[in-house]
Amino acid sequence: MTKRVVLIGHPVAHSLSGAMQQAAFDALGIDATYELWDRAPMALADTIAELRGDDFLGANVTIPHKERVVPLVDRHTEEAGATGAVNTITREGKRLIGHNTDVPGFRVALDTLVGKHKMPRAAVVLGAGGGARAVVHGLITEGFQRIIVFNRHLHRAEGMVKHFGKSAAHMELRAMPWHESIIEAELAKAKVLVNATSIGLNADVSPIPAGTLNGDLLVLDLIYSTTRLLRDAAAAGCATADGELMLLHQGAAAFTLWTGVPAPLELMQAKLAEARAGGLRSAEGEPTGEPVAALPE
Ligand code: NDP
């Protein structure tokens, strides 16, 4: 029987994940299809229930469902529980297991950006959605001692900080209101800046003014392209990275969870590049509402 893996999101019309996962199944002779399922939040519970069928290996979950899926599966891994977000589901009999492979994906991206230098201890994170949760968990477990989170809607950042209360008890994790002067002051005290908002995804805008960046920063944008933020940061002398490695490695980790075999990384990376050149975008990066052109309120 051909096995099925589905990407559940809203929308998911075009997907880089589809290109890399299907190519990986085909290359390793695994009889499986990767399907894109566009499901509105109302239909989510029924959709997750369908995955209990024998033909499913599992699923990926993306915008806007990562947090809503948490109570719909039977068990979580440590990373899914800690982040409160699920991006990958596997099946054990009729039971569904929720994983968060964005976390290992983020770790690879961070390690690569930091390179041979000592792992920094202070970071600023922009955003408080599912991606930001993986970032904050990754930073805490890498030993960061100070993480400041800025988000357009402060209450969401505060909710995230509260969620991490226990695991962040030994360090300083704070939500702060989105004011340029506060962001600039915090960036002066930090070494790592991560953009986990979708600002810059659909329009050539940066979440923060170029003048707030100092050349000592390591800047990671989760968006899978050279955004305005990354160009401004490079011009200021910062080391920069986009979301490619995170996307690749979250996908590779999910592939191994579904199939039990190592992912063909080089092939998947080539397929990502090919799909991107062909105009596809990550379902991670699909807008959930109107185009992101506005700066934070
Ligand atoms: P969510 O929808 O959960 O969160 C979106 C975030 O962006 C929120 O913090 C939201 O703020 C902020 N935001 C959106 N529009 C605006 C705006 N106009 N002004 C200010 N803030 C805004 O999405 P995710 O967390 O899942 O994804 C966020 C980004 O990270 C996306 O661009 C996605 O592509 C990327 N990503 C990349 C991954 C990779 O593998 N490379 C993995 C996961 C995510 P508010 O809460 O105030 O609405």
Side-chain angles (χ1 to χ4, degrees), residues 7-12 14-17 20-21 41 60-70 79 83-88 100-110 112-113 125-138 149-161 163 175-180 183 194-203 205-208 220-230 241-254 268-269 272 276 280-297:
L7 170 66
I8 302 164
H10 186 60
V12 288
H14 305 289
S15 163
L16 288 171
S17 292
M20 70 172 167
Q21 298 291 5
N60 271 147
V61 179
T62 189
I63 290 176
H65 301 315
K66 285 182 187 178
E67 290 155 67
R68 286 191 193 98
V69 154
V70 173
E79 278 157 350
T83 53
V86 163
N87 83 323
T88 300
N100 191 321
T101 67
D102 283 338
V103 175
F106 168 71
R107 283 205 191 102
V108 174
L110 179 69
T112 307
L113 182 61
V125 177
L126 307 177
R133 282 173 175 253
V135 168
V136 168
H137 182 64
V149 181
F150 292 94
N151 196 51
R152 171 178 57 175
H153 295 108
L154 178 60
H155 64 89
R156 196 174 180 193
E158 288 172 338
M160 182 172 79
V161 165
H163 176 87
M176 286 195 182
W178 191 301
H179 289 303
E180 276 164 25
I183 295 176
V194 182
N195 177 35
T197 73
S198 38
I199 303 172
L201 183 64
N202 300 310
V205 291
S206 172
I208 52 175
L220 174 63
D221 198 327
L222 300 199
I223 296 171
Y224 181 27
S225 68
T226 309
T227 55
R228 166 75 71 95
L229 171 66
L230 292 181
D242 71 14
E244 177 190 352
L245 274 184
M246 179 166 169
L247 185 67
L248 173 67
H249 285 271
Q250 64 75 26
M268 289 171 85
Q269 190 160 26
L272 272 183
R276 186 180 176 187
L280 289 188
R281 280 187 307 186
S282 166
E284 292 285 3
E286 294 294 340
T288 49
E290 69 277 13
V292 181
L295 288 173
E297 287 158 4

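Count residues from 1 along the sequence. We count ligands from 1, going down the list as the structure has it; atoms in each ligand are counted the same way.
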Taking the minimum heavy-atom distance to [atom], which of [options] ranks first?
| atom | options | result |
| --- | --- | --- |
| atom 19 (N) of ligand 1 | I199, V125, L247 | I199 |
| atom 25 (O) of ligand 1 | A109, G131, A203, S17 | G131 |
| atom 29 (C) of ligand 1 | T227, L16, L222, T197 | T197 |
| atom 27 (O) of ligand 1 | L126, N202, V135, I63 | I63 |
| atom 13 (N) of ligand 1 | R133, E67, R152 | R152 |
| atom 10 (C) of ligand 1 | L154, V194, N151 | N151 |

Which of the ligand 1 atoms, numbered from 1, are nearer than 4.0 Å to a heavy atom of [X]:
| X | answer |
| --- | --- |
| I223 | 32 (O) |
| G127 | 9 (O) |
| M246 | 39 (C), 40 (O), 41 (N), 42 (C) |
| G130 | 3 (O), 25 (O) |
| G243 | 41 (N) |
| K66 | 43 (C) |
| G129 | 3 (O), 4 (O), 9 (O), 25 (O) |
| R156 | 3 (O), 4 (O), 8 (C), 45 (P), 46 (O), 48 (O) |

Do [X] and [Y] have side chains that approach each other closer than 4.5 Å (heavy atoms only, starting at C-beta)?
| X | Y | value |
| --- | --- | --- |
| K66 | R133 | no |
| T227 | D242 | no |
| R152 | T197 | no |
| L220 | F106 | yes |

Subject >> Contact with ligand 1 for A196, non-hydrogen, under 4.0 angstrom >> reply: yes
**OP:** Could you tell me if any non-hydrogen atom of A128 lies under 4.0 Å from any atom of ligand 1?
**Re:**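 So A128 counts as touching ligand 1.
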**OP:** Give a yes or no answer on whether the side chain of E79 reaches the backbone of T101 with a donor-acceptor pair at less than 3.5 Å.
**Re:**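 Absent.
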To the nearest 0.5 Å, tell me how far [X] [atom1] sits from [Y] [atom2].
| X | Y | atom1 | atom2 | answer |
| --- | --- | --- | --- | --- |
| D221 | M246 | CG | CE | 11.0 Å |
| L222 | D102 | CG | CG | 8.5 Å |
| I208 | N195 | CD1 | CG | 8.0 Å |
| T112 | E244 | OG1 | CD | 10.5 Å |
| N151 | E158 | CG | CD | 10.0 Å |

Original post:
Is any N or O atom of H153, backbone or side chain, closer than 3.5 Å to an N or O atom of ligand 1?
Top reply: yes
Original post:
Taking non-hydrogen atoms only, is E244 closer than 4.0 angstrom to ligand 1 via side chain, backbone, both or neither?
Top reply: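 Within the 4.0 Å criterion, E244 makes no contact with ligand 1.
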Original post:
Under 30°, 30 to 60°, or over 60°: which ring-plane class applies to W178 and F150, parallel, tilted or perpendicular?
Top reply: perpendicular
